[in-house]
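Written below as structure tokens is the structure these notes are about.
Keep in mind it's a predicted model, so treat the numbers as computed, not measured. Values below: all heavy atoms of this structure, side chains included; hydrogens, waters and symmetry mates excluded.
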Amino acid sequence: MSAITLRIPDAMDKQLRDAAADAPSLNDYILKAVRRQMTLDAGRKLAAVEPLDLEGEGDAL
């Protein structure tokens, strides 16, 4: 696991805390948001990959 430091601009603090009100903690909310974004980014990259020719592969994959 890697540690990161996130600096939140003062102008975003209230909105972020309000959005995270139902989360166990602000850190938990931010972590979930980052994971969601990473999943979306990975999905976009995967969608951009050229289709593979899998004819004849059957269930061997």
Side-chain angles (χ1 to χ4, degrees):
M1 181 183 301
S2 297
I4 64 168
T5 300
L6 178 65
R7 296 185 188 275
I8 299 169
D10 291 339
M12 291 179 58
D13 186 62
K14 181 175 178 356
Q15 294 88 339
L16 188 56
R17 289 186 187 281
D18 289 347
D22 293 334
S25 70
L26 182 58
N27 285 341
D28 186 59
Y29 179 82
I30 292 170
L31 182 62
K32 286 181 181 180
V34 168
R35 284 181 177 161
R36 249 185 236 122
Q37 189 60 50
M38 289 172 60
T39 300
L40 289 172
D41 290 347
R44 286 185 189 110
K45 286 180 182 179
L46 186 59
V49 172
E50 293 292 323
L52 299 174
D53 180 13
L54 300 176
E55 189 171 331
E57 292 296 328
D59 292 328
L61 294 177

Any pair with a residue in residues 20-35 that passes salt bridge (charged side-chain N to carboxylate O under 4.0 Å, His left out), sequence neighbours left out, goes on the list, sorted by first then second residue, please.
D28-K32
Transitively linked via ILVMFWY side-chain contacts under 4.5 Å: M38 with Y29?
yes
Could you state the interatomic distance from [atom1] ([X]) to [atom2] ([Y]), rounded to the nearest 0.5 Å?
X   : Y   : atom1 : atom2 : value
I8  : L26 : CD1   : CG    : 5.5 Å
L6  : L31 : CG    : CG    : 11.0 Å
D41 : L46 : CG    : CG    : 12.5 Å

Check A11 against Q15 and note the closest heavy-atom contact, atom names and distance.
O-OE1, 2.9 Å
Could you walk me through whether V34 and Q37 pass the side chain to side chain contact (heavy atoms under 4.5 Å, CB included) test, one step at a time?
CA-CA 5 Å; V34 168; Q37 189 60 50; 5.8 Å; no
